[in-house]
Structure formats: structure tokens, C-alpha cells
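So that the names make sense, note that chain A is the first sequence line, chain B the second, and so on, each numbered from 1.
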Number of protein chains: 2
Amino acid sequence: MADTPDPRVTRSREAILAAARELLREEGPSAVTHQRVAARAEVGRATVYRHWPRPEQLLTDAMADVPMPFFLDPATPVRPWLERQLRMLADQLALPDVLAVTTALVQGARSEPQITTRRDRLATTIGQQLRAALTMAEQAGELQTACDPRDAPALLIGPLLYRSLLEPGPVSDDLIDRLLHAAGTWTAGSAISNPPAKRPTSPTTEL
Amino acid sequence: MADTPDPRVTRSREAILAAARELLREEGPSAVTHQRVAARAEVGRATVYRHWPRPEQLLTDAMADVPMPFFLDPATPVRPWLERQLRMLADQLALPDVLAVTTALVQGARSEPQITTRRDRLATTIGQQLRAALTMAEQAGELQTACDPRDAPALLIGPLLYRSLLEPGPVSDDLIDRLLHAAGTWTAGSAISNPPAKRPTSPTTEL
DNA sequence: ATCTTATGAGACAAGTTGACTCATAAGCCG
DNA sequence: CGGCTTATGAGTCAACTTGTCTCATAAGAT
């Protein structure tokens, strides 16, 4: 069939993207060159050039190949849902693939318009998901004195990003409780509504 | 005097580091090569090689040349002091130089031991400063139910880092109030102790 | 079996990297 | 100010990388 792609093309592109992704994870964006990707993928250098004529295309496609964190549709009660989502986000941000793309996004966004666009899109998506969840919580009466919706991503994700980039290691339940508390006052019936007392950090499982 | 450096050496090194810093700010770490730095600094390529035989050395020295955010010694009442420090930190994190080094640190830390060390040192320094301030606040009776000291940097700096890297733009006073609130309960007499009501974001001046 | 199309080895030109030589000039010292 | 030391920088060189191209080979479809 004319619109079924040639299996050789499919095979080559998958091998190339997988190799690019590996190099990105192991050594960062500067390692994603046609020569190194061809060697790693065990394909001809010309094949890499044929599919991706410019190195920036190869890098951005390799980055796009990595599933980035997102939130599932919110559910009531919102607080335990959000707690789980933040826990999941913390775990995802610790994954080498996700971390590689995250750092490449923030680094590349400073000078590459295409990467700036991708970063903005990711921030917009995750921000909207969070705002929708907080709005739902307010409407359900779970949340009072909510923060400015524009500040929600920074308040709820910022600390997890900080941990991921500057202090890698397990993220405690206490920290996640604190994030939720920073977003506003949660009513009883949706878990703890006051700041939790200081207690020992509980280690969390990591992949 | 034998230990007074040759002014030619001083002049060359300053020109080279300034050029490296500019390229780092404008295009990121991959632009900091001997060839490009020599051209920008208007010195001989051999001179750059003589002072910095390997490109990693040049990059890390250029990064070290940029003053990174830090906190001044805490003062009581701690809360207004911390508020000012966080405001200052937000402003510094928006500076192109600081942003360039920040992104280079988190990117490079993934695969370069020397850069990992620098990142860890920065995180340790700023964390200790914060912990000292919060301890002082607790001892002065300003702060109750303080967060786990290990979580303080993530809670207080994380949102500012998030803004800097993923949502550049002015940081509101409201957001900074929220960070302080996340760190614990502040008593009356050290500014607002309850979560602030939602109010319009106040634009802040940026350099 | 035949035709179409993707692949890949290798060649080529141009550029980059790292090391080196040596002429020139900056800087110090008496 | 002359002599000596030392830093600089233009240019060279080998090795490597990048991007493009050719063409033989083989995969895939019919």
C-alpha cells in the first residue's frame, strides 16, 4: 500500500532516534551528532543525514521522543489526587530520560527558538492542568484562600524541580504536604489541612 | 616582584574569561571553544590553549567567573529579611549571566564530575544559609511548625527556580509570601502570618 | 524475476581541534 | 636606555569532524 511506510525507513528512524535518546541521556545534547548517532545506531552516516539533514532537528526529535510528565484528569476529592500526581511527578523528574530532556529544554530555551517553544508548551500544558485541578478543589469546597492560579505551577512543581536538578534524591511525603499547604487551605475531609508537624523524612521508592 | 603576575598574562586571561562568559551567556556551553573565545577576545588561539589546555577547564572557569546568588547573614526579625533575600534571589535568577550558569550547571552536572561538584557546593551553601536563617527565626519565636530543614531550599527556592527556567517573567510579592508560608507559621510582628488572600499580582522591576 | 527505492561505504572539500615553531614585542631590571 | 626574559600570536601541520555526493548493493513491492 502506497501509504504504508517502507519498513526500512521505519527501522532506520527508530534505531536512530533510540540512539539519539541514549546519547542525550548519557552525555547531553552536545553528544547528539550525526556521526555519533550513526555509530551508536549502527546505520550509515548518510542515512542519518537523509532523515535529519540538520543536527538541531535530530536533537529536538530525540527530545520529543521522551514522554514528559503530565497530570491525569483531576478527580474529587482533589487533594489526595493531587498528592498522588505530585508524587508521580517527583518520580518522573528523577528518571534519567526525563531529566535529560528537562535540562536540555531549560538550557536550549535560552538560545534556540524551537526549544523555547517546546519549553513554553510544556509549562503551559502542565500549568493548565494544575489550575484546572485547583479550580475544581475550590468549587468542591475543598480549598480556601487558594494561591494566585498563575503561581500554582511554581509553588507545586518548583520544589520538585529544585530537588531533581540541584538536590537529587528521594522526595519526602512531608515535602509534598508542604507544597499542597502552600497552594491554599485545605478543609478537613481532604486529608490534613494544617501544616504538618516536623517528622522524620520517609524515604520513597525510586525507579 | 617575582610574585606579581606578568601584566600580559593578567590582560590575556581577563580578556579570555570575559569572552568565554559572553559566549556562555549568548549561546550556551557548546559555544565556549578555544577558537571562538580567541576570536571574541581578540587574542591568539595558542594563547587560549596555553592558559587553558582543555575546553572543560575554560568552561568551568567561565562559569566560576559569574557571581552566583547567595544570602547575606540573617538578621532579626528574620521574616522581612528572608522576604528581601528571596526577592533578591528571584531578581538574580533572572539575570542572563546567572541563568546561563544555572542551566549549564544543571545540564553539565549530569555527566561532568567537576560540574556535579560545583552544583552540589552551590546547593549546599545556599541550603545552609537558609537553614541558619530558619533556625534563627525559630529561636527568636518568629516561626512555628517549621518545615524539615532539609526541605527548606526546595520549598523556598524551588518556585523561584521554576519561574526562572520554565516561566520567565516578574515574580509577584504574593508568590514570595506563599513561599514563606510554606516554610512554617510566622507569628504576628513578623509580617503576615496567614496565607495572603488572592490579590492581583504586583509587577516587579527587573534589571 | 523485475523494478523501485533505501541503505551505506567511501570519497571529497571545507572546517575544526590541538600541538608546535619561531618572529615579534611586552615587560622587567640594572 | 640596552639587554634579557617571557608572553603573545600568525602560521603550519596532522588528525579528525562535518556535510555532501556517488554508486554498488540489497530490501521491499509487485
Point to revise | Within residues 23-52 of chain A or reaching into it, pairs that qualify as side chain to side chain donor-acceptor pair (under 3.5 Å) - sequence neighbours excluded | key: A:Arg13-A:His51, A:Glu22-A:Arg40, A:Arg25-A:Asp97, A:Glu26-A:Arg40, A:Glu27-A:Arg36, A:Trp52-A:Asp61

Point to revise | Pairs flagged by side chain to side chain donor-acceptor pair (under 3.5 Å) wherever residues 114-128 of chain A is involved - sequence neighbours left out | key: none

Check your understanding: What about A:Arg45, does its side chain sit under 3.5 Å from the base of D:dG19 through a donor-acceptor pair?
Key -> yes

Compare every heavy atom of [Y] with every heavy atom of [X], then report the nearest pair and how far apart it is.
{"X": "A:Pro69", "Y": "A:Ile126", "value": "O-CD1, 4.0 Å"}
{"X": "A:Pro159", "Y": "A:Ala154", "value": "CD-O, 3.6 Å"}
{"X": "A:Ala133", "Y": "A:Trp81", "value": "CB-CZ3, 3.3 Å"}
{"X": "A:Ala109", "Y": "A:Ile115", "value": "N-CG2, 3.6 Å"}

Exercise for review: For DNA chain C, determine which residues of residues 24-44 of chain A have any heavy atom closer than 4.0 angstrom to one of its atoms, and list them numerically.
Suggested key: A:Val43, A:Gly44

Exercise for review: Five pairs at each end of the helix from C:dA1-D:dT30 to C:dG30-D:dC1: take the axis at both ends and give me the angle between them to 10°.
Suggested key: 30°

Review point. How many angstroms lie between CH2 in A:Trp186 and CG in A:Leu143, if you round to the nearest 0.5 Å?
Key: 5.0 Å

Review point. From the list C:dT7, D:dT8, C:dT17, which nucleotide is the closest neighbour of the side chain of A:His51?
Key: C:dT7

**Study point:** Under the side-chain contact (heavy atoms from CB on, under 4.5 Å) test, residues paired with A:Leu122 that sit two or more places apart
**Key:** A:Met68, A:Leu105

**Study point:** Per-nucleotide protein contact string for nucleotides 20-26 of chain C, where B marks a base within reach and S marks sugar-phosphate only (heavy atoms under 4.0 Å, - for neither)
**Key:** B----BB

Check your understanding: Would you say a side-chain N or O of B:Tyr49 is under 4.0 Å from OP1 or OP2 of C:dA19?
Key -> no

Review point. Could you go step by step and tell me if A:Arg150 and B:Asp174 meet the salt bridge (charged side-chain N to carboxylate O under 4.0 Å, His left out) rule?
Key: CA-CA 11 Å; A:Arg150 288 169 295 187; B:Asp174 192 38; over 6 Å; no

Review point. With the threshold set at 4.0 Å, does a side-chain nitrogen-carboxylate oxygen contact exist between A:Asp148 and B:Arg178?
Key: no

